[in-house]
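In this chain, numbering begins with 1 at the start of the sequence shown. For ligands, and for the atoms within them, numbers begin at 1 and follow the listed sequence.
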Amino acid sequence: MASVVQMTRFARFPLGHFPTPLEPLERLTARLRESHPRVPDLWIKRDDCTGLATGGNKTRKLEFLVGDALAQGADVLITQGATQSNHARQTAAAAARAGMECHLLLERRQVRDEEYERSGNVLLDELLGARIVDRLPSGTDMQAAMESLADDLRSAGRRPYVIPGGGSNPIGALGYVGCALELDAAPIPVDWVVHATGSTGTQAGLVAGLRAVHSPARVLGVSVRQPEQKQIDAVHDLAQRTAELIGTEVGREDVLVDDRWVGEGYGIPTESMVDALRLLATTEGILLDPVYSGKGFAGLLGGIAEGRFAEPDTVVFVHTGGAVGLFGYRSSFQ
Ligand SMILES: *Cc1c(COP(=O)(O)O)cnc(C)c1O
């Protein structure tokens, strides 16, 4: 089926190890079956193992974004994110690999402790040679701040390429069309795909890619920041623009979002996240992250408890990475 979508039309700079592994969660499934009657078959798509400086979902997007940047002759990548942004860290690594500079703008979406400010992804940004140009207050128009930085660099004779937060535009979302094609080629029937959704590129690419190959799999995004309807609108908008790029169509009904696991807000730990993270760590030896995949996995466990996901369905959780962020959140776990 994969030949329906011609991914080779798009410029691409190789950064990761693909296809990522797809593994059964046997011990977790057995554990859940002790207390729930109809637990579905649970699998995990290891996009935490993309191989780029501790991996994660931005690697797929960056293959296409950096490919585009190089095609345009750019010599500097600019991007933005929260202080503990996994996207910023993977962009820093991608820039190093491509021989480009990386300039980061970090938004203080919340005030935590010294470890949040300096450890985890921030430590790696610096090790990877990125320049943290500025740390801006919560609520700053980060896109405008990036454009203004790009103007300054152009005036200085540089060729900057601006990557939106999370790498979420149609070019970045192509990375998750690629993941959809890997899932479609998997040797198991995939009824549900569940993952954490933030800046929307992951879900938009998955939905567009799965529609392109007429897969019956449904995709549920577990929101880590916005209310359900707002997130559905945002994912649907990007999914439509991504679908157009690959010559297919998506409907609003293809976009499913659960917003009940956000807690107080983006990047603020919840009890269900901590419990989900500990459960997967102790049954399978797999580490989730506190901001995205931990809340996403809490949403998956919640859906099993409610019977939304049940035997005989097969559910694939896409592990989008981010465990390095744990070092910025030690106080939430000890
Ligand atoms: C960015 C990120 C997500 C969310 O993906 P989007 O494409 O932004 O919706 C999920 N998990 C992790 C670990 C991330 O870094």
Check: Asp68/Tyr161 side-chain N/O donor and acceptor closer than 3.5 Å
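Side-chain D/A pair, Asp68 to Tyr161: present.
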Answer yes when [X] and [Y] have at least one side-chain N-carboxylate O distance shorter than 4.0 Å, and no when they do not.
X	Y	value
Arg46	Glu23	yes
Lys230	Asp237	no
Arg154	Asp151	yes

Pull out every atom of ligand 1 sitting under 4.0 Å from any heavy atom of [X], numbered as shown with elements.
X	answer
Thr197	9 (O)
Ser199	6 (P), 7 (O), 8 (O), 9 (O)
Asn86	13 (C), 14 (C), 15 (O)
Ala196	4 (C), 10 (C)

Is the ring centre of Tyr266 less than 6.0 Å from the ring centre of Tyr292?
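Ring centres of Tyr292 and Tyr266 closer than 6.0 Å.
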Heavy-atom nearest pair, His319 first then Ser293, reads CE1-OG, 3.8 Å
Around atom CZ of Arg159, are there more than 12 heavy atoms from other residues, nucleotides or ligands closer than 6.0 Å?
no
Hphob cluster co-occupancy, Ile286 + Leu32, side-chain heavy atoms under 4.5 angstrom
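They do share one cluster, since a chain of ILVMFWY contacts under 4.5 Å joins Ile286 to Leu32.
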Ligand 1 versus [X]: contacting region, heavy-atom distance under 4.0 Å:
X	answer
Asn57	side chain
Lys61	side chain
Thr202	both

Starting from atom 13 (C) of ligand 1, locate the nearest protein heavy atom and write down its residue, its atom name and how far away it is, to 0.1 Å.
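For this ligand atom, the closest protein heavy atom is Gly321 O, 3.0 Å.
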Write out the residue and atom name of the closest protein heavy atom to atom 11 (N) of ligand 1, then the distance separating them to 0.1 Å.
Thr320 OG1, 2.6 Å
Who's closest to atom 14 (C) of ligand 1 heavy-atom-wise, of Gln231, Lys58, Arg225?
Lys58
Proximity winner for atom 9 (O) of ligand 1, if only heavy atoms of Ser168, Ser223, Ala88, Gly198 are counted:
Gly198
Suppose clustering is done on Ile, Leu, Val, Met, Phe, Trp and Tyr with side-chain heavy atoms closer than 4.5 Å. Which residues sit in the same group as Val122?
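Val122 clusters with Leu104, Leu106, Ile132.
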So, regarding [X] and ligand 1 (criterion: nitrogen or oxygen to nitrogen or oxygen, under 3.5 Å), is there a contact or not?
X	result
Tyr292	no
Asp289	no
His87	no

